[in-house]
Amino acid sequence: MTRVLSGIQPTGDIHLGNYLGALRQWALDQHEHDSFYCAVDLHAITVQQNPEELRAKTLETMATLVAVGLDPEVCTLFVQSHVPYHTELSWLLECTVSFGELRRMTQFKDKSMKQGDSGQEHVSAGLFTYPALMAADILIYDADRVPVGDDQRQHLELTRDVAERFNSRYGETFVLPSAAIPKIAARVMDLQEPTNKMSKSAESALGAVGIFEDVESIAKKFKRAVTDSSNEVRFDFESKPGVSNLLSILGAATDRDPELLAEDYAQYGALKADTADAVISVLEPVQLRRSELLADPAELDRIIARGAEKAGEVAAVTVSRAKEAMGFLSPS
Ligand code: ATP
Ligand code: LTN
């Protein structure tokens, strides 16, 4: 059976891009594959976090994973730091990946530059070595398939390269994973700056749509979405990023081809209104499930504890296989 693994950082507010690019696919995959999903709190600390906030966000992220339809009876839901084998394997992989490979990662270049721009000189070494930890997250579960948004493509390629290098140096140890990137909405763009991806750390509060936002606020954000002055509805990201972004979102929410959808519209106003309605219909059941779950915090604790146990059992086996292959003396 295909094994699936993916993760989400417990930082900021989970947005429509996370949902359409990744989480929705996770919910579908759980029924077809043996799936593992985690809140990657160890990745979150590559930039400084407030401890109380990190704790609260980690719980909130786990509640969100259940709210988007991940069933703890069907898949394994866990918190990354509850399975310490991830950090152990990460070190083995840091010694397998090269400095040059890490230096080429665009996410590192973007994020380290952003830190500098915001006046924060401090760029942690963890921000640089982050892809080795991400490779560990994936390889430790022998995952074949990794459902992610388009921005993670490069990290997935690196993970494969590292796994291949390890296998050729030390013998077949890791499964080579593939990225599963959706055809539509793999890169949802910011509604105010449609040439930037929608992000948890967006500049403008109007640019990102949180999945738990109230419906009036969602409608308002789509109404105010930046388009262009030509008033021609056409799917072309190069010359019409704002309009194309709306068409992609509408396409993903209604399961239709954005290029064909464009033919149905003559006005931006109608496109914006229909996109908002379609997004609200997709998000409403998610919002409802979350309020039910937050009413029963003990249940969430049980889910998290069971997930750590299930994930830990699988991770322990892979790490000892990797250590054995590398030549570590096993404790007798
Ligand atoms: P940040 O932008 O602050 O780094 P993020 O919004 O990218 O955070 P992550 O936790 O890093 O959030 O990503 C979780 C998943 O959501 C990943 O699979 C990522 O590829 C996907 N994702 C993130 N942003 C988008 C987007 N705008 N469109 C589609 N998928 C996205
Ligand atoms: N790097 C990813 C988050 C992430 C992840 C993973 C995704 C960490 N470990 C393993 C898939 C599989 C991000 O920034 N979105």
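All ligand and atom numbering here is 1-based and tracks the order in the structure. By convention here, the first residue in the shown sequence is residue 1.
Closest to atom 15 (N) of ligand 2, if we only count protein heavy atoms, is Gln152 NE2, 3.3 Å. Atom 20 (O) of ligand 1 has as its closest protein heavy atom Asp151 OD1, 2.5 Å. What sits closest to atom 23 (C) of ligand 1 on the protein, heavy atoms only, is Asn18 ND2, 3.2 Å.
Of the listed options Ser6, Ala44, Gly149, Gly149 places a heavy atom closest to atom 17 (C) of ligand 1. Of the candidates Phe36, Tyr130, Tyr37, Tyr130 brings a heavy atom nearest to atom 1 (N) of ligand 2. Proximity annotation for atom 5 (P) of ligand 1: of Gln9, Lys197, His155, Lys197 comes nearest, heavy atoms only. In the candidate list Leu5, Asp137, Val4, Leu5 is nearest to atom 12 (C) of ligand 2, counting heavy atoms. Of the options Ser199, Gly17, Gly21, Ala252, the smallest heavy-atom separation from atom 31 (C) of ligand 1 is shown by Gly17.
Near Val40, meaning under 4.0 Å from any of its heavy atoms, are these atoms of ligand 2: 8 (C), 9 (N). The ligand atoms of ligand 1 that sit less than 4.0 angstrom from a heavy atom of Arg187 are 28 (N), 29 (C).
Contacts with ligand 1 closer than 4.0 Å are made by heavy atoms of both the backbone and the side chain of Met198. If you look at His15 next to ligand 1, the close heavy atoms, those under 4.0 Å, all belong to the side chain. Using a 4.0 Å cut-off between heavy atoms, Ile138 contacts ligand 2 through its side chain alone, with no backbone atom that close. The residue Leu133 has no part lying near ligand 2, judged by heavy-atom distances below 4.0 Å. Within the 4.0 Å heavy-atom criterion, the part of Gln9 lying near ligand 2 is the side chain and not the backbone. Contacts between Ile8 and ligand 2, counted as non-hydrogen atom pairs separated by less than 4.0 Å, are absent for every part of the residue.
Side-chain N or O atoms of Gln25 include none that pairs as donor or acceptor with a backbone N or O of Ala22 at under 3.5 Å. With hydrogens and angles disregarded, a donor-acceptor distance shorter than 3.5 Å links the side chain of Asn245 to the backbone of Met189.
Within the structure, the closest approach of His43 to ligand 1 does not fall below 4.0 Å when heavy atoms are considered. Heavy atoms of Gly12 stay at 4.0 angstrom or farther from ligand 1.
Cation-pi contact between Arg290 and Phe212: present, with separation from the ring centre below 6.0 Å and deviation from the ring axis of at most 45°.
For Glu32 and Arg145, the salt-bridge test fails: no basic side-chain N is under 4.0 Å from an acidic carboxylate O.
Ring pair Phe36/Phe78 is perpendicular by interplanar angle, where above 60° counts as perpendicular and below 30° as parallel.
Remark: aromatic rings of Phe128 and Phe99 are close, center separation under 6.0 Å.
In this model, no donor atom of one side chain and acceptor atom of the other lie less than 3.5 Å apart for Asp41 and Thr58. Using modelled atom types and a 3.5 Å distance limit, the side chains of Ser230 and Lys240 yield a donor-acceptor pair.
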